[in-house]
Amino acid sequence: MAHDDLNPNAFYGGGLAVESYDLFAAQAGKLTGDIDFYLDLARDRGGKVLELACGTGRILTPLVEAGFEVTGVDISRAMLDLADRKLQALRPSAWGRARLVCAPMQDFETQDRFDLVLIPARSFQHLTDPADQRKTLERIWRCLNPGGMLVIDMFDPRLDVCVGDPPLLPPREVTDPVTGRRFRRSCLARRTDPFRQTTGERMRIEELDAEGGVLGRHETSWTLRWSTRQEMAYLLELTGFEALSVYSDFQRSPAAYGGEQLWVARAV
């Protein structure tokens, strides 16, 4: 598998990958508690919220339900369609507090000003070009109110798996508790590029019947760029931010190798 074959965002193009996204995200142990974490920050900060890479509205919808005015931006029209369905199911007064925009986060344009910007669930790492990472942070700085807050969730790279071909992850299965739909996600190949600081994965998502037979199949991929904690601290400083805290999980545990890089920063 050639590393360049892995589109950083192919996974989000649609199909079974998008339809099953929320179910697999709920099963991701390192994201446990992230919605409550963002809600608490929004309550502390108040004001208008911008969520970049809002996806299916997994975090945006609870923020809107809690009374916040939220703009959600995502590159994937398929994921925004799911977010829109969730919002349409809310009472009109809540639905009216949300705005969805289909655009890459590094090219998003707005005249609005925000008090809190979120980039959850490792989405910032889909920017595999360092220039796009810097461009995104510069755009965020320009649309924040003075003293506005930025929160970015990334994984902290384990250096023992950043070289060579990491072992394949075991298949995972989830079942939608509402519809009963059952999905299996299998890792077909993984590849790292320590020079570019990227890791990629090709995977197959299948919908299964009650007996485990395959009803549908979708193969796709994604690529993420990893950053060391020191690199990220400098990038934030370079683009006008003061890092206030960095946690290793959503329970606000101190920074630790191999956990999350959960950055809370302020525009200065």
Side-chain angles (χ1 to χ4, degrees), residues 8-9 11-14 17-26 28 31 33-127 132-133 135-145 148-154 222 250 262-265 267:
N9 298 296
F11 181 91
Y12 305 103
V18 169
E19 292 171 34
S20 61
Y21 175 83
D22 283 0
L23 299 172
F24 283 108
L31 298 183
D34 67 339
I35 294 176
D36 289 337
F37 177 86
Y38 295 123
L39 282 169
D40 287 344
L41 275 177
R43 293 186 185 107
D44 290 343
R45 184 64 194 170
K48 296 172 63 176
V49 180
L50 170 64
E51 183 185 352
L52 297 177
C54 67
T56 63
R58 185 181 66 88
I59 294 165
L60 180 145
T61 304
L63 285 169
V64 170
E65 287 184 294
F68 296 98
E69 184 178 342
V70 187
T71 296
V73 177
D74 202 278
I75 197 172
S76 168
R77 173 53 64 189
M79 297 193 88
L80 289 176
D81 286 345
L82 285 181
D84 188 56
R85 274 183 249 162
K86 291 179 186 178
L87 292 169
Q88 294 285 355
L90 303 179
R91 60 188 186 279
S93 60
W95 181 86
R97 290 193 292 270
R99 175 183 173 226
L100 300 178
V101 179
C102 188
M105 68 177 83
Q106 68 268 33
D107 294 320
F108 171 59
E109 297 283 357
T110 181
Q111 298 302 313
D112 293 334
R113 292 295 177 265
F114 301 92
D115 301 285
L116 177 65
V117 177
L118 310 176
I119 313 181
R122 291 89 176 270
S123 300
F124 185 75
Q125 293 177 278
H126 284 291
L127 300 172
D132 283 337
Q133 293 184 332
K135 185 178 178 182
T136 298
L137 293 176
E138 290 171 342
R139 285 176 180 270
I140 292 170
W141 187 90
R142 289 197 295 271
C143 72
L144 274 171
N145 285 320
M149 306 283 285
L150 166 65
V151 185
I152 303 178
D153 172 40
M154 309 167 64
W222 58 26
F250 293 95
L262 182 54
W263 292 90
V264 180

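- Aromatic ring orientation, Tyr38 versus Phe250: perpendicular (interplanar angle above 60°, classes split at 30° and 60°).
- Proximity of Glu109 to Arg139: side-chain heavy atoms (C-beta onward) are separated by under 4.5 Å at one or more points.
- Interatomic distance, Ile119 CD1 to Leu150 CG, rounded to the nearest 0.5 Å: 5.5 Å.
- The shortest side-chain heavy-atom distance between Phe114 and Ile140 does not fall under the 4.5 Å cut-off.
- The two residues Arg45 and Leu116 have their closest heavy-atom pair at CG-CB, 4.3 Å.
- Checking side-chain atoms of Arg122 against main-chain N and O of Asp153 turns up no donor-acceptor pair under 3.5 Å.
- Of all the heavy atoms in Gly47 and Phe68, the pair that sits closest is O-CD2, 3.9 Å.
- With contacts defined as side-chain heavy-atom distances shorter than 4.5 Å, the pair Val73/Leu50 qualifies.
- Of the possible donor and acceptor atoms, none in the side chain of Thr61 sits under 3.5 Å from a partner among the backbone N and O of Arg58.
- Here Asp132 does not pair with Lys135 in a salt bridge; the nearest charged N to carboxylate O distance is not below 4.0 Å.
- Evaluation of the side-chain hydrogen bond (donor to acceptor under 3.5 Å, both in side chains) test over residues 63-83, restricted to residues two or more places apart or in two chains, returns none.
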Take Cys102 and Ile75 through the side chain to side chain contact (heavy atoms under 4.5 Å, CB included) test and state the conclusion after the steps.
-> CA-CA 5 Å; Cys102 188; Ile75 197 172; over 6 Å; no
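- With Lys86 contributing its side chain and Thr56 its backbone, the two residues share a donor-acceptor pair below 3.5 Å.
- Scanning both residues, Gly13 and Ala78, for their nearest heavy atoms gives O-CB, 3.8 Å.
- Contact annotation: the side chain of Trp263 never approaches that of Val151 to less than 4.5 Å [non-hydrogen atoms, C-beta and beyond].
- With rounding to the nearest 0.5 Å, the separation of CZ in Arg142 from CZ in Arg113 is 9.0 Å.
- Side-chain atoms of Lys48 and Asp112, non-hydrogen and from C-beta on, do get closer than 4.5 Å to each other.
- Distance check, rounded to the nearest 0.5 Å: CG of Leu118 to CG of Leu63 gives 6.5 Å.
- Leu87 has its side chain within reach of Leu60: a pair of non-hydrogen atoms, C-beta onward, lies under 4.5 Å apart.
- The OG atom of Ser123 sits 5.5 Å away from the CE atom of Met105 when rounded to the nearest 0.5 Å.
- Nearest heavy atom pair, residue Pro62 against residue Gly57, reads CD-O, 3.9 Å.
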Decide side chain to side chain contact (heavy atoms under 4.5 Å, CB included) for Asn9 and Trp222; before the verdict, give the C-alpha distance in whole Å, the side-chain angles of both, and the deciding distance to 0.1 Å.
-> CA-CA 6 Å; Asn9 298 296; Trp222 58 26; over 6 Å; no
Given the rule in the side chain to side chain contact (heavy atoms under 4.5 Å, CB included) test, do Val18 and Leu82 qualify, once you have shown the distances and angles that lead to the verdict?
-> CA-CA 9 Å; Val18 169; Leu82 285 181; 3.5 Å; yes
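- At least one side-chain heavy atom of Leu52 sits under 4.5 Å from a side-chain heavy atom of Thr136.
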Could you check Cys54 against Leu80 for side chain to side chain contact (heavy atoms under 4.5 Å, CB included), going step by step and ending with a plain yes or no?
-> CA-CA 8 Å; Cys54 67; Leu80 289 176; 3.6 Å; yes
Contacts under 3.5 angstrom, residues 91-98 side chains, donor-acceptor by atom type, not counting sequence neighbours:
unit_1, atom_1, unit_2, atom_2, d
Arg91, NE, Ser93, OG, 3.4
Arg97, NE, Val64, O, 3.3
Arg97, NH1, Ser93, O, 3.3
Arg97, NH2, Val64, O, 2.7

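- Looking only at side-chain heavy atoms (C-beta outward), Ile59 and Glu51 come within less than 4.5 Å of each other.
- The minimum heavy-atom distance between Gln133 and Leu127, with the atom names listed, is NE2-O, 3.3 Å.
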